[in-house]
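These notes are about the structure you will find just below.
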Amino acid sequence: MQPLPGFRDFYPPDFAFRQLLFSRWREICRRFNFVEYDGPVLESLELYQKKSGEEILNQIYHFLDKGNRIVALRPEMTPTLARMIEAHYKEYKKPIKWFSIPQLFRYERAQKGRLREHFQLNCDIIGEADLEADIELMNLAIDILRSFGLGKEDFIVRISDRQFWSEFLTKKGVAIEEWYQFFQAIDKIERDPKEEIERRLGGLAKEVFELIEKPCYWERFDVVLEGLRHRKLEEYARIDLRIVRGLAYYTGIVYEIFDKAGKFRAIAGGGRYDDLLKLFGGEDIPAAGFGMGDVVLGEILKEKRLLEPSFPRLDVYVVFPEGKKNALGLLLIEQLRSSGFSVEFSFHPLKMKKQLAQAQSLNARFALFVTEKIAEGFVELKNMDERKQFVIPVEQLVGFLEKKE
RNA sequence: GCGGCCGUAGCUCAAUUGGCAGAGCACCAGAUUGUGGCUCUGGGUGUUGCGGGUUCAAGUCCCGUCGGUCGCCCCA
């Protein structure tokens with residue numbers, strides 16, 4: 001039996017890697033005073049139809065439950081967040097700064113950096129319209145990557161603005177129904193041949209290419225870049241009008257973070273979505289956020305060997321010579337564990353040589369020899385690294401081990 | 001959903017024109033009757049992904065299927 005296509009098993013080393021990644025995410029979010037939340041993995045499909053439109057439906061993992069509800073494994077966190085925020089918006093001081101590490105799902109063929117399931121750090125600032133919030137989010141994303149040891153030679157934040165293109169298209173008199181096609185074409189510039197893009201852009205092609213090559217002055221970019229400059233982060237970012245992002249709900253600054261070598265998919269992406277919350281409660285609430293998945297980032301960190309989890313050492317391996325366990329020894333094991341030490345022993349009788357080999361392969365700090373002498377209050381403790389062994393009274397054991405911490 | 005490549009032991013892989021399924025690592029046991037990393041010896045742990053077909057004979061060739069991988073579509 002294997003996991004379903006596109007799903008992963010996390011064996012202990014994989015799980016340790018994942019936990020280390022998550023703990024780093026949490027730590028940096030805490031520094032920016034974001035607090036963690038979560039929501040249901042399963043949502044009504046309607047939640048996603050509300051904002052995404054019908055064509056995205058075949059990408060969603062959805063099915064009929066036993067109550068004949070059409071349910072979906074969450075493909076993204078933002079709709080859940082929007083629903084949660086809308087229901088309790090008034091309770092919270094603004095701006096609301098929340099993060100989550102949801103497991104997300106999509107129904108499509110797996111490929112490099114894209115599985116049917118992944119974990120994605122989501123950071124959002126809600127109730128703040130100022131561009132400073134967008135800058136804060138970019139700052140957070142950059143600091144997270146830097147905390148892993150990635151530098152400006154490793155990644156770049158490519159920043160664009162939906163409003164820039166909206167204004168351009170309005171000025172050119174392009175009907176709103178055609179905007180989607182336009183954004184699709186922009187999005188493909190890096191992958192499709194130039195002639196194909198020119199055909200799709202039609203009369204606007206020449207001007208669009210010029211703008212992308214050398215954007216004209218746009219005050220909002222100035223504000224963002226100035227904000228990054230104040231933080232000495234300008235070298236981590238650049239304006240790039242080719243970034244539009246697929247999601248329909250973005251309304252302002254959008255950005256994606258890529259590895260500089262161009263070997264991987266986007267590491268993170270985000271933007272402002274000021275109109276989305278309105279769909280859930282009618283209230284006009286500004287919001288912005290980004291997502292960062294565990295798959296692409298994990299691939300990069302593994303390639304660069306920047307995140308190598310280590311397992312904690314075993315404190316004590318209890319050796320019963322000749323495999324003869326006794327009640328006092330087993331009680332001592334229980335007492336040591338109650339005192340907070342990790343303790344292991346062989347369940348079945350083993351020769352002493354085997355027991356010590358076990359202790360070593362488990363990376364134990366100490367081997368504790370328990371013989372009949374425990375009845376008189378004595379055991380022998382062996383420091384596995386120094387290979388030194390000595391008799392110690394049972395009542396001094398905990399104190400000694402604590403001192404050694 | 002579509003296309004390319006791939007599928008042999010727990011892992012990495014080998015097996016000539018179709019001719020007895022193997023190696024290293026890992027694992028288990030012993031050498032060693034109270035003390036760990038080394039060494040030596042022994043053990044193959046397998047439905048060659050699965051199901052058909054061709055053939056005296058299939059890991060090898062053909063068809064189907066499942067899975068992996070890379071790409072397309074789409075991108076949260």
Side-chain angles (χ1 to χ4, degrees), chain A residues 1-9 11 13 43 47-48 51-61 72-82 100 102-122 124 180 183-184 187-188 191-192 243-250 254 256 263-266 268-271 273 276 289-293 295-296 314 317-324 346 348-373 380-390:
Chain A
M1 289 289 279
Q2 290 173 314
L4 289 169
F7 285 78
R8 298 171 288 176
D9 289 326
Y11 287 85
E43 292 270 17
L47 180 70
Y48 306 106
K51 48 124 268 212
S52 303
E54 301 299 320
E55 88 282 353
I56 214 82
L57 242 66
N58 39 18
Q59 308 284 98
I60 293 180
Y61 217 117
L73 286 165
R74 60 187 176 194
E76 57 167 326
M77 198 57 178
T78 310
T80 298
L81 173 65
S100 189
Q103 188 172 23
L104 305 178
F105 306 84
R106 51 163 75 88
Y107 197 85
E108 59 171 18
R109 198 74 176 255
Q111 50 186 294
K112 190 176 170 60
R114 283 192 98 196
L115 307 172
R116 283 188 169 179
E117 150 275 320
H118 70 134
F119 291 90
Q120 188 187 64
L121 171 68
N122 274 249
D124 291 271
Y180 177 77
F183 286 132
Q184 286 290 97
D187 195 41
K188 297 267 185 302
R191 269 178 309 171
D192 290 358
I243 301 298
V244 291
R245 293 189 59 71
L247 279 178
Y249 55 68
Y250 286 114
V254 290
E256 288 184 1
K263 274 179 66 179
F264 299 92
R265 290 174 172 279
Y273 50 96
L276 183 63
F290 70 84
M292 181 183 291
V295 180
V296 172
L314 175 68
Y317 186 94
V318 174
V319 175
F320 291 104
E322 293 307 294
K324 283 185 242 164
S346 173
H348 60 274
L350 276 183
K351 288 180 180 172
M352 187 169 303
K353 187 185 180 79
K354 276 286 172 206
Q355 294 185 69
L356 279 159
Q358 284 278 346
Q360 171 151 318
S361 73
L362 291 167
N363 196 21
R365 293 164 55 221
F366 293 97
L368 182 67
F369 292 78
V370 175
T371 62
E372 323 68 69
K373 279 197 290 186
E380 284 187 47
L381 192 63
K382 178 173 189 170
N383 184 312
M384 290 296 285
D385 299 328
E386 296 165 11
R387 291 175 171 253
K388 283 188 193 142
Q389 188 171 335
F390 50 92

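Everything quoted here is computed from the prediction, not taken from an experiment. Here is how names work: the chains are called A, B, and so on, in the same order as the sequence lines, proteins then strands, and each is numbered from 1.
Comparing the C1' positions of B:rG7 and B:rC11 gives an interatomic distance of 15 Å, to the nearest angstrom. For B:rA26 and B:rU41, the P atoms lie 15 Å apart once the distance is rounded to whole Å. Distance noted for atom C1' between B:rC6 and B:rU65: 16 Å (whole Å). For B:rG52 and B:rA57, the P atoms lie 16 Å apart once the distance is rounded to whole Å. B:rG22 and B:rG44 have their P atoms separated by 11 Å, given to the nearest Å. Comparing the P positions of B:rG3 and B:rG59 gives an interatomic distance of 29 Å, to the nearest angstrom. Here the separation of B:rU16 from B:rC74, taken at their C1' atoms, is 47 Å to the nearest Å. Using atom P as the reference point in both B:rC27 and B:rC63, the two lie 42 Å apart (nearest Å).
In this model, the phosphate group of B:rG34 is not approached by any side-chain N or O of A:Q355 to a distance below 4.0 Å at OP1 or OP2. For A:K263 and B:rC70, the shortest distance from a side-chain N or O to OP1 or OP2 is not below 4.0 Å. Between B:rG36 and A:K353, a contact under 4.0 Å exists linking OP1 or OP2 to a side-chain N or O.
Residue A:Q184 is in sugar-phosphate contact alone, with no base atom involved, counting any heavy-atom pair closer than 4.0 Å across all strands shown. Across all strands shown, A:M77 has no heavy atoms under 4.0 Å from either base or sugar-phosphate atoms. Residue A:R114 is classed as a base contact, given a heavy-atom separation below 4.0 Å to a base. Counting non-hydrogen atoms under 4.0 angstrom, A:G6 reaches the backbone sugars and phosphates but no base. Residue contacts for A:Q120: at a heavy-atom cut-off of 4.0 Å it reaches the sugar-phosphate backbone alone, with no base atom in range. No engagement by A:K324 is indicated, since no non-hydrogen atom pair under 4.0 Å with the nucleic acid exists. No engagement by A:R74 is indicated, since no non-hydrogen atom pair under 4.0 Å with the nucleic acid exists. Across all strands shown, A:K382 has heavy atoms under 4.0 Å from base atoms, whether or not it also approaches the sugar-phosphate.
In this structure, A:H348 places its NE2 atom 7 Å from P of B:rA29, rounding to the nearest Å. Whole-Å rounding puts the A:F7 CZ to B:rG67 C1' distance at 15 Å. Atom CZ of A:R116 and atom C1' of B:rG1 are 11 Å apart (whole Å). In this structure, CD of A:E108 is placed 10 Å from P of B:rC75, rounded to the nearest angstrom. Here B:rC74 presents its C1' atom at 9 Å from CZ of A:R106, a figure rounded to the nearest Å. In this entry the distance linking CG of A:L368 with P of B:rG36 reads 17 Å, nearest Å. In this structure, A:F290 places its CZ atom 22 Å from P of B:rC75, rounding to the nearest Å. Rounded to whole Å, the distance from OH on A:Y11 to C1' on B:rC11 is 12 Å.
Other residues, nucleotides and ligands place no more than 12 heavy atoms under 6.0 Å from the OH atom of A:Y11. Counting heavy atoms of neighbouring residues, nucleotides and ligands inside a 6.0 Å radius, atom NZ of A:K188 exceeds 12 of them. The number of heavy-atom neighbours closer than 6.0 Å to OH of A:Y61, taken from other residues, nucleotides and ligands shown, is above 12.
The shortest side-chain heavy-atom distance between A:M352 and A:P321 falls under the 4.5 Å cut-off. By the 4.5 Å heavy-atom criterion applied to side chains, A:V244 and A:V254 are not counted as neighbours. The closest side-chain heavy-atom distance from A:R265 to A:Q111 is below 4.5 Å.
Of the listed nucleotides (B:rC74, B:rA31, B:rG68), B:rG68 has the atom at the smallest distance from the side chain of A:P5. The side chain of A:K354 lies closest to B:rA29, out of B:rC73, B:rA29, B:rG36. Checking B:rC73, B:rU35, B:rG37 against every side-chain atom of A:Q360, the shortest atom distance belongs to B:rG37. Closest to the A:K351 side chain, of the nucleotides B:rA76, B:rG1, B:rG30, is B:rG30. Closest contact between the side chain of A:Q389 and the listed nucleotides B:rU69, B:rU35, B:rC70 involves B:rU35. Distances from the side chain of A:A110 to the nucleotides B:rA76, B:rG36, B:rU69 place B:rU69 closest. Between B:rG34, B:rU69, B:rC73, one nucleotide has an atom nearer to the side chain of A:Q111 than all others, and that is B:rC73. Relative to the side chain of A:M384, the nucleotides B:rU35, B:rG71, B:rG36 differ in distance, and B:rG36 lies closest.
Across all strands shown, nothing is found opposite B:rG18 as a Watson-Crick or G-U wobble partner with both distances under 3.5 Å. When both pairing distances are held under 3.5 Å, B:rU48 makes no Watson-Crick or G-U pair with any nucleotide shown. In this structure, B:rG67 forms a base pair with B:rC6, meeting either the Watson-Crick or the G-U wobble geometry with both donor-acceptor distances under 3.5 Å. The partner of B:rU39 is B:rA31, by the rule that a Watson-Crick or G-U pair needs both atom distances under 3.5 Å. Of the nucleotides present, B:rG1 is the one that pairs with B:rC72 by Watson-Crick or G-U wobble criteria, both distances under 3.5 Å.
Where A:Y107 and A:R245 meet RNA chain B, the nucleotide closest to each residue was compared, and A:Y107 sits on the side nearer the 5' end. For the pair A:D385 and A:L115, nearest-nucleotide mapping onto RNA chain B gives the more 5' position to A:D385.
In this structure a side-chain-to-backbone donor-acceptor pair under 3.5 Å is missing from A:R365 to A:L314.
Geometrically, A:R116 does not engage A:F105 in a cation-pi contact, judged by NZ or CZ lying under 6.0 Å from the ring centre and within 45° of the ring axis.
Distance check, rounded to the nearest 0.5 Å: CG of A:D187 to CD1 of A:I243 gives 7.5 Å.
Side-chain atoms of A:R387 come within donor-acceptor range of the base of B:rG37, with a qualifying N/O pair under 3.5 Å.
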